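Have a look at the structure below, then the notes.
Heavy-atom basis, side chains included; hydrogens, waters and symmetry copies ignored. Just so it is clear, the structure is predicted and the values come from calculations on it, not from any experiment.
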Amino acid sequence: MSAEGKNFEAIVKAKADHNKHCPFPPHTVRMNPFEIERMQWEEGDTIAGLLLEADPKIGTGAFRLVCDGMEPPELETEDFEAITAPAEPIEIPAGPVREGDPHY
């Protein structure tokens, strides 16, 4: 079996094992750029249903599956202006006194 075939088989097995133990299915497989080149693959290819991504931190001869449980996707956030309390109490003038209203 070729090195490419062995790697593909290892990724398929790792994906199945991951799915047994994690509720989040993997979406990416990361490999050392040298390994990707050696397999004659290219970053961005789909391997066993996973996006192939180069990661120089991963040693040669290894790969890493990534799921949303490990690295949640970034959520879009919206910036809001903070509302601060006034520096001094706000005085609200009393309205006109009406007959029959209690006086405090």
Side-chain angles (χ1 to χ4, degrees):
M1 183 183 285
S2 69
E4 181 180 356
K6 287 179 183 178
N7 272 286
F8 183 83
E9 185 177 312
I11 291 168
V12 169
K13 285 181 181 179
K15 181 179 173 183
D17 185 60
H18 177 94
N19 288 335
K20 287 180 189 175
H21 299 98
C22 182
F24 302 99
H27 51 75
T28 303
V29 59
R30 290 189 181 151
M31 297 178 80
N32 186 287
F34 173 78
E35 287 295 325
I36 292 173
E37 186 177 321
R38 188 171 75 90
M39 296 299 120
Q40 297 180 345
W41 293 340
E42 291 185 20
E43 185 172 16
D45 284 351
T46 301
I47 307 297
L50 305 170
L51 178 68
L52 182 59
E53 194 174 275
D55 187 345
K57 295 179 214 160
I58 296 177
T60 57
F63 61 86
R64 179 175 180 228
L65 300 183
V66 181
C67 72
D68 289 343
M70 297 172 191
E71 295 180 7
E74 290 189 27
L75 302 175
E76 289 185 29
T77 59
E78 201 172 313
D79 292 331
F80 292 96
E81 187 175 325
I83 299 173
T84 58
E88 297 178 19
I90 298 175
E91 290 187 31
I92 301 174
V97 178
R98 292 183 274 181
E99 256 186 65
D101 283 347
H103 297 287
Y104 297 100

Side-chain cluster (under 4.5 Å, hydrophobic types only) that Leu50 belongs to, other residues = Phe8, Ile11, Val12, Val29, Met31, Ile36, Met39, Trp41, Ile47, Leu52, Phe63, Leu65

Taking all heavy atoms of [X] and all of [Y], pick out the closest pair and write down the distance.
| X | Y | value |
| --- | --- | --- |
| Glu35 | Gly61 | OE2-N, 3.1 Å |
| Pro26 | Cys67 | CA-CB, 3.8 Å |
| Asn19 | Pro25 | OD1-CA, 3.6 Å |

Backbone N or O of Arg30 within a donor-acceptor pair of the Glu53 side chain at under 3.5 Å?
-> no

Keeping the roles fixed (side chain from Asn32, backbone from Gly59), state whether a donor-acceptor pair exists under 3.5 Å.
-> no

Listed partners of Glu43 passing side-chain hydrogen bond (donor to acceptor under 3.5 Å, both in side chains), at least two apart | none

Among pairs that include at least one residue of residues 7-23, which meet salt bridge (Lys or Arg N to Asp or Glu O under 4.0 Å), considering only residues two or more places apart or in two chains?
-> Glu9-Lys13

Is it true that atom CD of Glu4 has more than 12 heavy atoms of other residues, nucleotides or ligands lying nearer than 6.0 Å?
-> yes

